[in-house]
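Note that this is a predicted model, so its numbers are computed, not measured. Every chain is numbered from 1 and lettered A, B, ... according to where its sequence line falls, protein lines coming before strand lines.
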Number of protein chains: 2
Amino acid sequence: MSRWEPNARGRLEQAALELYLEQGFDRTTVVEIAARAGLTERTFFRHFADKREVLFAGAGELRERLVGGVIDAPPSVPPMEAVAGALESLAQMFHARRDLVLPRHRVISANPELQERELIKMAGLAQALTDARRRRGVADPAARLSAEAAIAVFRVAFERWVSGPERADLASLVRSSLEELRGAVAAD
Amino acid sequence: MSRWEPNARGRLEQAALELYLEQGFDRTTVVEIAARAGLTERTFFRHFADKREVLFAGAGELRERLVGGVIDAPPSVPPMEAVAGALESLAQMFHARRDLVLPRHRVISANPELQERELIKMAGLAQALTDARRRRGVADPAARLSAEAAIAVFRVAFERWVSGPERADLASLVRSSLEELRGAVAAD
DNA sequence: CCCACCAGGGCAGTCACTGCCATCGGCGTA
DNA sequence: TACGCCGATGGCAGTGACTGCCCTGGTGGG
């Protein structure tokens with residue numbers, strides 16, 4: 001039998017989400033989170049850089065999935081189609097974890113500091129997507145711009161998904177948002 | 001003669017920018033900033049919500065200019081063209097204040113916390129632009145998406161401007177970035 | 001001349017975050 | 001079996017951002 005309970009990191013993530021939901025982000029102290037996880041404040045900061053980061057542990061996996069979706073697409077698929085496919089792959093991931101994703105989104109949308117962190121994570125996704133598109137042979141300003149546009153599409157679709165009726169499908173919201181963007185951006 | 005030197009707020013802004021440039025953002029304390037401005041820490045926090053906000057005092061004016069550019073455009077101008085015009089108006093503003101804009105950008109790009117703040121300010125611009133576009137009769141998901149796209153265009157153009165050769169013109173970089181986006185986003 | 005009104009100062013307190021050192025089971029190695 | 005290193009956690013003191021509360025002293029209107 002080991003000296004400590006396993007999965008300290010996971011316990012911290014769960015405790016934090018619970019407390020942020022119960023009391024709000026800024027009425028929750030790191031000491032409280034650590035205590036609920038059976039740990040100390042010092043240990044919290046060994047696992048997470050700060051009090052916000054504990055809500056963004058899945059960001060790395062998200063990025064891998066997004067980049068993988070673009071890189072692994074067969075070469076016959078046109079670039080923008082590859083991006084659309086990768087976004088839909090993300091959509092499936094979100095749908096599968098809606099029990100985590102939805103409360104987490106409630107917490108974030110209640111707090112500007114958390115929104116800031118969310119935005120920089122999104123920017124990181126856009127950067128990764130830009131690199132992936134470059135490796136698929138897209139030239140530079142276009143790679144960056146379409147990556148940013150893709151992330152915006154996903155964000156808008158996500159918000160429509162969250163605030164809309166229960167039976168909406170995120171993947172098809174992504175599709176239709178992309179079409180909306182194409183229409184809106186075209187020279188009027 | 002008044003009890004205090006005038007323009008405390010402006011002095012704080014200048015002192016902060018100088019110190020952030022000299023020592024870096026996180027090696028600078030609020031006490032130092034206030035001291036250089038001939039004030040105290042307590043007064044700093046009466047003018048600015050936090051240590052980052054002091055770099056973003058111009059955000060309100062930026063938003064007004066952007067929104068104004070869209071609202072005031074004659075009705076004959078197609079919506080996306082009005083947005084392009086508003087972005088170019090911002091570009092002129094940036095060019096006129098390049099002596100402030102460029103060092104400020106150096107400070108921000110050296111620090112992730114400041115980048116977070118910058119991103120949420122950009123998101124605020126996108127929100128304001130969305131509202132403005134709605135008032136110009138653009139339907140909802142399209143208004144939001146084209147506003148986000150427009151902000152992305154401006155951001156990319158700005159980075160090209162900053163990192164490119166001295167004689168580049170921001171307004172034309174905005175124009176060409178918008179064209180790039182149109183091409184990249186179109187169904188391939 | 002008086003007073004309400006600002007803009008700013010002083011001060012103590014909370015909390016996020018860090019550096020440094022201590023602890024002690026597990027596990028490889030002699 | 002004994003030794004000793006490693007790795008996850010704890011303890012603790014310190015810094016600095018930010019806040020609430022009260023105080024001060026010119027200024028301008030009545």
Undergrad: Pick out the pairs of N or O atoms, protein on one side and nucleotides 3-7 of chain C on the other, that lie under 3.5 Å.
TA:
none

Undergrad: Starting from C1' on dA16(C), measure out to CZ on R117(A) and report it in whole angstrom.
TA: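 Distance, rounded to whole Å: 13 Å.
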Undergrad: Side chain to side chain donor-acceptor pair (under 3.5 Å), that's the test. Do Q115(B) and N111(B) meet it? Break it down for me.
TA: CA-CA 6 Å; Q115(B) 289 160 33; N111(B) 188 285; over 6 Å; no
Undergrad: Check the distance between dA17(D)'s C1' and E53(B)'s CD and give it to me in whole angstrom.
TA: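 Roughly 15 Å, once rounded to whole Å.
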Undergrad: Do F56(A) and E118(A) have side chains that get closer than 4.5 Å, going by heavy atoms?
TA: yes
Undergrad: Take E5(A) and R11(A) through the salt bridge (charged side-chain N to carboxylate O under 4.0 Å, His left out) test and state the conclusion after the steps.
TA: CA-CA 10 Å; E5(A) 293 302 308; R11(A) 269 153 47 218; 5.9 Å; no
Undergrad: Are L129(B) and R63(B) side-chain neighbours, meaning at least one heavy-atom pair lies under 4.5 Å?
TA: no
Undergrad: Relative to F44(B), does R9(B) satisfy both conditions: NZ or CZ under 6.0 angstrom from the six-membered ring centre, and within 45 degrees of the ring's axis?
TA: no
Undergrad: Rounded to whole angstroms, how far apart are CD on E5(A) and P on dG7(D)?
TA: 22 Å
Undergrad: Round to a whole Å and report the spacing from NZ of K51(A) to P of dA17(D).
TA: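 Rounding to the nearest Å, NZ of K51(A) and P of dA17(D) are 17 Å apart.
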Undergrad: For L114(A) and dA16(C), give me the distance from atom CG to atom P, rounded to whole Å.
TA: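 It works out to 13 Å between those atoms.
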Undergrad: With a 4.5 Å limit on heavy-atom distance, are the side chains of K121(B) and E53(B) in contact?
TA: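 In contact.
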Undergrad: Which heavy atom of L125(A) sits nearest to which heavy atom of L62(A), and what is that distance?
TA: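 Closest approach of L125(A) to L62(A): CD1-CD2, 4.0 Å.
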Undergrad: Consider the side chain of T43(A), meaning its heavy atoms from C-beta on, and name the nucleotide among dA16(C), dG10(D), dG8(C) that approaches it most closely.
TA: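 Closest of the options to the side chain of T43(A): dG10(D).
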Undergrad: Check the distance between dG16(D)'s P and E113(B)'s CD and give it to me in whole angstrom.
TA: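 My rounded result for the distance is 14 Å.
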Undergrad: Just to be sure I understand the geometry, which residues of residues 34-42 of chain A put a non-hydrogen atom under 4.0 Å away from DNA chain C?
TA: E41(A), R42(A)
Undergrad: Starting from the C-alpha separation in whole Å, work towards a yes-or-no answer on side chain to side chain donor-acceptor pair (under 3.5 Å) for E88(A) and Q92(A).
TA: CA-CA 6 Å; E88(A) 287 176 36; Q92(A) 286 170 12; over 6 Å; no
Undergrad: Tell me the closest heavy-atom pair linking R136(B) and A73(B), and the distance in Å.
TA: NH1-O, 2.7 Å
Undergrad: Rounding to a whole Å, what distance do you find between L12(A):CG and dC17(C):C1'?
TA: 15 Å
Undergrad: side-chain hydrogen bond (donor to acceptor under 3.5 Å, both in side chains) with T28(B): which of R36(B), E22(B), Q23(B), K51(B)?
TA: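 Exactly one candidate clears the test, Q23(B).
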Undergrad: Expressed in angstrom and rounded to an integer, what is the separation of F45(B) atom CZ from dG9(C) atom P?
TA: 14 Å
Undergrad: Check each residue of residues 13-30 of chain B for a non-hydrogen atom within less than 4.0 Å of any atom in DNA chain D, then write out the ones that pass by number, or none.
TA: T28(B), T29(B), V30(B)
Undergrad: A side-chain contact here means heavy atoms from C-beta on lying under 4.5 Å apart; do I151(B) and L66(B) qualify?
TA: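 Touching, per the 4.5 Å side-chain cut-off.
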Undergrad: Looking at the base of dG7(D), is there any donor atom on it, or on the side chain of R46(A), that sits under 3.5 Å from an acceptor on the other one?
TA: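 Not at all, since no donor on one side and acceptor on the other fall under 3.5 Å apart.
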